[in-house]
Amino acid sequence: MEQDEFKRKPVSVPYNFIRLPKQVIPAEFYEGNYEDITKDVISSYCKHIKKKDNYSGYIDVSIMTKTPLFIGESAKADKNSILEFYGGKDTPRIPGSSIKGMVKQIFKIITASSFRPFSNVKGVGDFEDKNLYLRSFADKILSFRKYYKDRMVTEEANGKGQIKPATKASAGFIIQTKKGSWFIVPSTKFKKSYKGKPSDKASIIWDSEFKYVDIHVGKMSSKKSYMRILVPTNFDVKQRISIPQECLNSYRDDRARKKNATIHLLEAKDAIKGIKAVQLTGCKDIDYVVPCFYTAVNGEVKHFGHGRFYRIAYDFTIGHHIPKYLRKQNKGIDLTDSIFGYGNSWAGRVSFTDAIPSSVVRMCEANFPRPLMTPNPTSFQFYLVQDFRKPMNEAYHWGDKNSVLRGYKMYWHQSLNKSRKWMLSSSNKIIKGMKKIRPVDENTQFTSRIYFKHLSAVELGALLMALNLNEVAPKDKCIYYKLGMGKSIGLGSIELNTELTIIETEKRYNKLFNSHGWETGEIKPDISQFIKSFKDYVNHHILQENKNDYNNILKDLYRLMDWNIANGEKPVIRWDEAMTMMPVGNKNDRRFRDRIKLDLPKSFIEKWSK
């Protein structure tokens with residue numbers, strides 16, 4: 001296919017996002033002013049759960065697998081071992097924690113709850129807040145390319161008087177003291193020309209007399225030079241520049257560095273360690289020495305790396321990109337906090353049991369799966385809200401102060417034909433470290449139970465709606481859920497059915513028998529009355545100007561969970577192609593490399609329906 005044909009194609013990825021709410025719906029008892037947890041808030045919560053008209057009981061949940069489903073046990077050290085389904089192939093079960101995670105995400109969306117970075121202090125949060133990393137020389141997004149160039153690239157004349165790109169980074173040596181503190185000692189760098197074939201691997205090569213060290217970054221066959229860094233004669237305290245802990249943490253968190261197996265400067269095998277580090281530096285307190293390039297601001301290291309044009313951290317963390325209107329509201333208490341718990345302040349009032357098989361268990365034959373996609377938020381054209389009115393070479397990235405997160409990531413359902421082909425094809429290579437998996441096959445039934453205590457009619461209604469979206473979604477939708485691993489390759493589509501049981505405690509404990517036998521106090525009411533209570537609460541609390549936004553959130557949720565798009569009577573004809581992740585290195589298909597923006601769910605469906 002010619003490149004022009006690919007240019008006309010929309011983005012193809014197996015996921016999309018549910019937008020974040022403009023207004024967080026508060027918990028029923030919360031009347032605070034977004035000041036986090038206070039004694040008054042805790043007191044109000046305690047009064048709320050002690051109300052006499054609250055409900056306790058359980059919800060029986062039937063789970064039917066519509067595609068193969070996989071939730072793995074802990075991997076064994078044996079590289080040839082099969083990664084079995086949780087519980088083992090003879091007694092598979094779905095962990096209650098997996099069911100809880102699935103239900104909680106849906107609950108948060110329909111209740112317009114907060115979206116927060118995780119806090120170790122509070123014990124609550126939705127995502128890990130950290131700096132992402134970048135390097136860009138020829139990216140199609142001009143502002144992104146400029147962002148890196150402004151921070152890392154300058155120009156200088158070479159030996160022939162030609163103006164060439166040069167690094168703004170300084171050269172030095174990372175040291176770790178025996179007390180565990182990290183510093184950089186500045187040094188001097190020189191550019192050296194390759195006389196033969198360039199080194200094809202990233203490496204650190206010390207001079208035999210340890211007077212200098214050569215830095216090779218590998219990979220690029222066209223590379224004509226490498227860098228040499230002189231070993232300083234003075235490593236004393238006055239020469240040292242401190243590396244802040246957040247800078248170290250950010251460096252360690254860079255996923256791309258781990259994935260590409262580049263040199264990890266804090267764990268380098270070619271670093272000088274122990275007594276040799278003391279001999280090299282002449283300082284008894286130094287335990288580790290490795291060369292690096294770095295940038296320092298106001299006497300502190302801002303970032304560092306192996307090569308002269310290393311990957312740098314964005315100025316802002318992921319959490320900075322939460323919409324401004326949500327940041328204050330995130331300090332309040334919402335319905336999710338109320339029933340699922342709020343860190344150390346109070347425990348949840350719902351608990352989830354493991355789901356056990358209630359039908360004949362059919363296991364798939366163990367095989368290597370097609371490559372499983374992992375979250376890659378560095379693809380800002382997908383993960384950040386974009387302006388589609390802008391030209392193709394303009395997009396918001398993680399360095400833009402005013403860019404905002406797209407929201408909750410969810411995976412589409414895929415066609416049965418594609419889902420059944422989850423195995424690695426004979427034409428694909430087996431990647432090092434990959435293990436065979438043994439999923440549960442489609443049409444296997446499991447049952448679980450969700451216990452709840454002291455929920456109000458509103459809270460119970462929200463929980464029931466999260467579990468029974470088919471009851472409230474438009475009739476042309478068939479709502480199935482996604483659970484477990486391998487969602488990107490079509491695994492994990494499930495159908496839920498529930499039955500509510502409420503325990504009337506006064507009947508249960510005041511009377512031993514009834515006309516039918518033991519008095520359990522159990523009744524099985526219609527769930528619609530509770531869902532109505534929740535809907536009424538939402539309608540009462542959402543401001544008029546935000547109601548359309550909330551309704552659009554629900555519409556996008558129903559779209560992403562609609563089984564009919566892939567498997568209904570009139571499925572989207574090109575849906576298999578829409579669910580195929582775009583290639584990274586294809587010369588003709590440059591959609592990923594050119595950072596084509598991901599459409600909203602409705603537009604995504606429309607474009608792939610043509």
Side-chain angles (χ1 to χ4, degrees), residues 17-45 48 100-101 103-132 246 314-350 375 377 383-385 396 398 400-410 458-459 462-463 466 534 537-538 540-543 545-547 549-550 552-554 556-557:
F17 295 84
I18 306 296
R19 70 192 77 185
L20 298 175
K22 289 184 177 178
Q23 179 188 343
V24 173
I25 300 174
E28 292 168 279
F29 63 87
Y30 184 69
E31 296 179 351
N33 192 32
Y34 307 111
E35 69 277 66
D36 287 327
I37 293 293
T38 64
K39 289 182 179 179
D40 288 341
V41 170
I42 294 175
S43 175
S44 296
Y45 172 78
H48 172 70
K100 179 181 178 180
V103 174
K104 186 176 179 180
Q105 184 187 46
I106 302 297
F107 187 94
K108 286 182 71 71
I109 293 169
I110 67 169
T111 59
S113 287
S114 304
F115 191 75
R116 311 179 181 107
F118 185 79
S119 167
N120 287 319
V121 177
K122 298 177 185 176
V124 294
D126 301 289
F127 62 91
E128 181 187 2
D129 194 16
K130 61 182 180 180
N131 289 92
L132 299 174
E246 57 266 29
Y314 286 99
D315 293 338
F316 308 111
T317 66
I318 296 173
H320 172 86
H321 300 280
I322 292 173
K324 290 180 180 178
Y325 55 79
L326 272 187
R327 293 178 197 172
K328 181 179 179 181
Q329 296 183 72
N330 278 346
K331 295 181 179 179
I333 304 301
D334 56 43
L335 287 165
T336 304
D337 302 325
S338 180
I339 83 160
F340 283 88
Y342 193 86
N344 299 323
S345 299
W346 59 75
R349 288 175 284 143
V350 288
Y383 281 76
L384 294 175
V385 174
Y396 292 114
W398 296 103
D400 287 317
K401 186 177 182 180
N402 297 318
S403 60
V404 296
L405 295 165
R406 286 282 297 265
Y408 296 94
K409 182 179 180 181
M410 294 186 68
V458 169
E459 292 168 335
L463 180 61
F534 167 66
Y537 181 79
V538 171
H540 177 72
H541 281 80
I542 285 196
L543 299 175
E545 62 263 31
N546 294 326
K547 287 183 178 179
D549 174 74
Y550 176 75
N552 284 332
I553 288 173
L554 294 184
D556 280 347
L557 179 65

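What you see is a predicted model, and the numbers here were worked out from it, not measured in a lab. This chain uses plain numbering: 1 for the first residue, then up along the sequence.
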Indicate the atoms forming the closest heavy-atom contact of [X] with [Y], along with that distance.
X: Ile322; Y: Arg327; result: O-NE, 3.0 Å
X: Tyr45; Y: Arg349; result: OH-NE, 3.2 Å
X: His541; Y: Ile25; result: CB-CG2, 4.5 Å
X: Pro21; Y: Leu326; result: O-CD2, 3.4 Å
X: Lys547; Y: Ile542; result: CE-O, 3.3 Å
X: Lys409; Y: Tyr383; result: NZ-OH, 2.7 Å

Hey, what do you get for [atom1] ([X]) to [atom2] ([Y]), rounding to the nearest 0.5 Å?
X: Ser113; Y: Leu20; atom1: OG; atom2: CG; answer: 11.5 Å
X: Ser338; Y: Phe29; atom1: OG; atom2: CZ; answer: 4.5 Å
X: Ile109; Y: Ile553; atom1: CD1; atom2: CD1; answer: 8.5 Å
X: Phe115; Y: Leu405; atom1: CZ; atom2: CG; answer: 6.0 Å
X: Asn552; Y: Arg19; atom1: CG; atom2: CZ; answer: 4.5 Å
X: Asp556; Y: Tyr408; atom1: CG; atom2: OH; answer: 14.0 Å

Quiz item: Is it the case that more than 12 heavy atoms not belonging to Asn344 sit under 6.0 Å from its CG atom?
Solution: no
For [Y], is there any backbone N or O sitting under 3.5 Å from a side-chain donor or acceptor partner on [X]?
X: Asn33; Y: Glu35; result: no
X: Gln329; Y: Val24; result: yes
X: Asp549; Y: Lys22; result: yes
X: Ser43; Y: Lys39; result: no
X: Tyr30; Y: Tyr34; result: yes
X: Glu545; Y: Leu543; result: no

Quiz item: Only one of Asp337, Asp129, Asn330 clears side chain to side chain donor-acceptor pair (under 3.5 Å) with Arg116; which?
Solution: Asp337
Do [X] and [Y] make a side-chain contact, defined as non-hydrogen atoms from C-beta onward lying under 4.5 Å apart?
X: Phe17; Y: Val385; value: no
X: Trp346; Y: Ile37; value: yes
X: Val458; Y: Val538; value: no
X: Asn402; Y: Lys324; value: yes

Self-check item: salt bridge (charged side-chain N to carboxylate O under 4.0 Å, His left out) involving Asp126 - partner list, sequence neighbours excluded
Solution: Lys108
Quiz item: Is a side-chain donor-acceptor pair under 3.5 Å present for Ser44 with Glu31?
Solution: no
Practice problem: Kindly indicate, with the supporting measurements, whether the criterion side chain to side chain contact (heavy atoms under 4.5 Å, CB included) is fulfilled by Ile42 and Tyr342. | Solution: CA-CA 10 Å; Ile42 294 175; Tyr342 193 86; over 6 Å; no
Self-check item: Asp36 and Val41: CA distance, side-chain angles, deciding distance, side chain to side chain contact (heavy atoms under 4.5 Å, CB included) verdict
Solution: CA-CA 9 Å; Asp36 287 327; Val41 170; over 6 Å; no
Practice problem: List the steps, then state whether side chain to side chain contact (heavy atoms under 4.5 Å, CB included) holds for Trp398 with His320. | Solution: CA-CA 9 Å; Trp398 296 103; His320 172 86; over 6 Å; no
